[in-house]
A.B. asks: 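Here it is, the structure, as structure tokens.
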Amino acid sequence: MRALSPFIISHPERQSGAQHTMFSALTLSVWVLWLYLWLPLITTILWMVGIRWTYIQVFRASRGVSLWVILWIMIGTAVILGSWSSYNHRRFAKKTQRRQAQALAKSSIGTSFGISSTMLSVLLRERRLNLYFDDAEQLIRAVAVSDDPSPSAISLVARITP
Amino acid sequence: MIRSLMLAYSFYYPLTMSLFWIAGGIIYFLRWERRAAKHTDPPILSQWPKMTLVVPCHNEGAQVRETLEYAAKQDYPDYEIIAIDDGSSDDTGTLLDQLTGVYPHLRVLHFPQNQGKAMGLRMAALAATSDFLICIDGDALLDRYAARWLMWHLATGPRVGAVTGNPRIRNRSTLLGRLQVGEFSSIIGLIKRAQRVYGRIFTVSGVIAGFRISALDKIGYWNTDMVTEDIDVSWRLQMDHWDIRYEPNALCWILMPETLRGLWKQRLRWAQGGVEVAGRYMGSMWHWRRRRMWLVLIEFLLSVLWSYVMLAVLLLSLCGLVVVLPPALRMPGPLPGWYGVILSALCIVQFVVSLMIDRRYEEQIGRQFFWIIWYPLVFWMIGMMTTCVALPKVLARRTRTRAVWESPDRGIA
């Protein structure tokens, strides 16, 4: 696309919101008015392609899909979800329903997993670990991996019996 | 009578749900997104709590270097990364060990045998030195600001047990890739927003989610015997009255299947996961204090019912082409009626709404939609087929066995 001539001033973004809305509405209205003048011709063409039959099928049909039903579902879903959301927002937005959740002590988390404090300290401290489990999915060994990854360099740091 | 009910249900259920998603998406946008800052301008807190970024990996040798590179570039003041090498048979473990030399805040847990993602997450919660986890997949690239967006909810909302982010599809080489771009944007994104507006979320996205460890401790962490650990943990957190939030600004770039086989396996797993979770907790749901989960469960059960009704309608329609059926079983012929036009129009409306919302997060997303304007119809068909297969599979899987990793299809590199 060629650039506009430097003589032309075109900055639609500088309009105020009200100006923009007003001119958009005005344009739309005149478009509708202009199309309205064509109505006799449009009606004739639509009759030819069976628009009346379509209208009866879609809006008046007792057994088919009525657009009125669809419209009611659209309005219903929006109203239900919107009202529910507004109700929740008004009721809960500014209220704290639960006291500030306290952070758990690490020892308590260790207890939840059924491991010893020794193993827990290894898990929290070491950067590279091999973890071993029994058949009941219980962590039974945590082995720190030394910088040398060969098996001989692996040092057993902790072993527990849960 | 039954025929009319079947036809009405097969048409009005997806139509009503789509309209709910559209309405929910618009309400969410107007309330939380319209005036929100850009995703590159996250909220500010005077003090950010330490967090642990968890990356479970199984045979991720081709991706893990890039994943950790992005994980290590988080715009977050105080965090560690815990990567789990879950019985990988490739070089994932070696790579992770090497990367500890590059990233000083990286820690690595090696499992000699494949224990499954849930066990990896459990061990990360145990080894974490912070009170919060942000979990991503081993092939996911985390946006630089994602941690701040997720942690803001966890740090400021005492009821918040988990926050889920906004997965974005990276691979778009094929139609299947593009389909999923549209799906995550126009369907999953709208569903998450609508569920957030309702107040309960069906599931966090396992590929990016933040958790409060004290909330996880109350519910016993992730279960290791569920096909989809993310759906399971989401339901249990909410049944324990924790809030789950959706944060669309927390972006995470992911790889998705680009073969029909890969896509089918993934979707079947999702459907199985939903059926499994609904089946396990249906009995314990009916307490007044858990009433907000009732609609989540009822909606899921209605979707399962719809799948079978739709299957029956399609099969009877096909049979009607070959043999003469009794009037009570006779379905409409193959020519679409006005219901077809309405569903097609709904596809356009759904895409337009999601385009309006989603362009905040990705420029030129509309180009993807052009190719897949029909996808919402296909989405329902895939849902129908996977659900119809998943239900008998779950019923047949009576014993509780551990869910372990299977490497997914990750599309064309």
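Order of the sequence lines fixes the chain letters, A, B, ..., with proteins taken first and strands second; residue numbering starts at 1 for each chain.
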A.B. asks: Check S85(A) against I27(B) and note the closest heavy-atom contact, atom names and distance.
C.D. replies: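 Here S85(A) and I27(B) meet closest at OG-CG2, 3.8 Å.
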A.B. asks: How far does OG of S112(A) sit from CD1 of I213(B), to the nearest 0.5 angstrom?
C.D. replies: 11.0 Å
A.B. asks: Checking the side chain of R128(A) only, and the main-chain atoms of H110(B) only, is there a donor and an acceptor separated by less than 3.5 Å?
C.D. replies: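 Here the side-chain-to-backbone pair does not exist.
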A.B. asks: Name the option with the most non-hydrogen atom pairs under 4.5 Å to chain A; the candidates are A128(B), G161(B), G24(B), A215(B).
C.D. replies: A128(B)
A.B. asks: Given a strict heavy-atom distance threshold of 4.5 Å, which part of V79(A) is in contact with chain B: side chain, backbone, both, or neither?
C.D. replies: neither
A.B. asks: Working note: N88(A) + R292(B), criterion side chain to side chain contact (heavy atoms under 4.5 Å, CB included); need CA distance, chi angles, decisive distance, verdict.
C.D. replies: CA-CA 12 Å; N88(A) 278 315; R292(B) 290 200 175 218; 2.8 Å; yes
A.B. asks: Report yes if the side chains of M123(B) and F133(A) come closer than 4.5 Å at any heavy-atom pair, otherwise no.
C.D. replies: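 Touching, per the 4.5 Å side-chain cut-off.
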A.B. asks: Any chance you could measure T129(B), atom OG1, to R125(A), atom CZ, to the nearest 0.5 Å?
C.D. replies: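 T129(B) OG1 to R125(A) CZ: 13.5 Å, rounded to 0.5 Å.
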A.B. asks: Calculate, to the nearest 0.5 Å, the distance between atoms CG and CZ belonging to L123(A) and R107(B) respectively.
C.D. replies: 8.0 Å
A.B. asks: Given that the side chain runs from C-beta out, which part of L126(B) has a heavy atom under 4.5 Å from chain A: side chain, backbone, both or neither?
C.D. replies: both
A.B. asks: Atom CZ of R127(A) and atom OG1 of T100(B): how far apart are they, to the nearest 0.5 Å?
C.D. replies: 5.0 Å
A.B. asks: For W68(A), which residues count as a ring-ring contact (aromatic ring centres under 6.0 Å, His included) partner, sequence neighbours excluded?
C.D. replies: F59(A)
A.B. asks: Please work out whether the ring planes of Y198(B) and W84(A) are parallel, tilted or perpendicular, with thresholds of 30° and 60°.
C.D. replies: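 Y198(B) vs W84(A) ring planes: parallel.
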A.B. asks: Checking heavy atoms, do the side chain of F132(B), its backbone, both or neither come under 4.5 Å from chain A?
C.D. replies: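 For F132(B), no heavy atom lies under 4.5 Å from chain A.
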A.B. asks: For residues A78(A) and A23(B), report the shortest heavy-atom separation together with the two atoms involved.
C.D. replies: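 Closest heavy-atom pair between A78(A) and A23(B): CA-CB, 3.8 Å.
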A.B. asks: Is it the case that more than 12 heavy atoms not belonging to R291(B) sit under 6.0 Å from its CZ atom?
C.D. replies: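 Yes, enclosed.
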A.B. asks: Under 3.5 Å, which donor-acceptor pairs link side chains of residues 14-21 of chain B to any protein atom two or more places apart or in another chain?
C.D. replies:
unit_1 : atom_1 : unit_2 : atom_2 : d
T16(B) : OG1    : Y12(B) : O      : 2.6
S18(B) : OG     : P14(B) : O      : 3.0

A.B. asks: Hey, is the main chain of S130(B) close enough, under 3.5 Å, to the side chain of K106(A) for a donor-acceptor pair?
C.D. replies: yes
A.B. asks: In Å and rounded to the nearest 0.5 Å, what is the CZ to CD1 distance from R122(B) to I109(A)?
C.D. replies: 12.0 Å
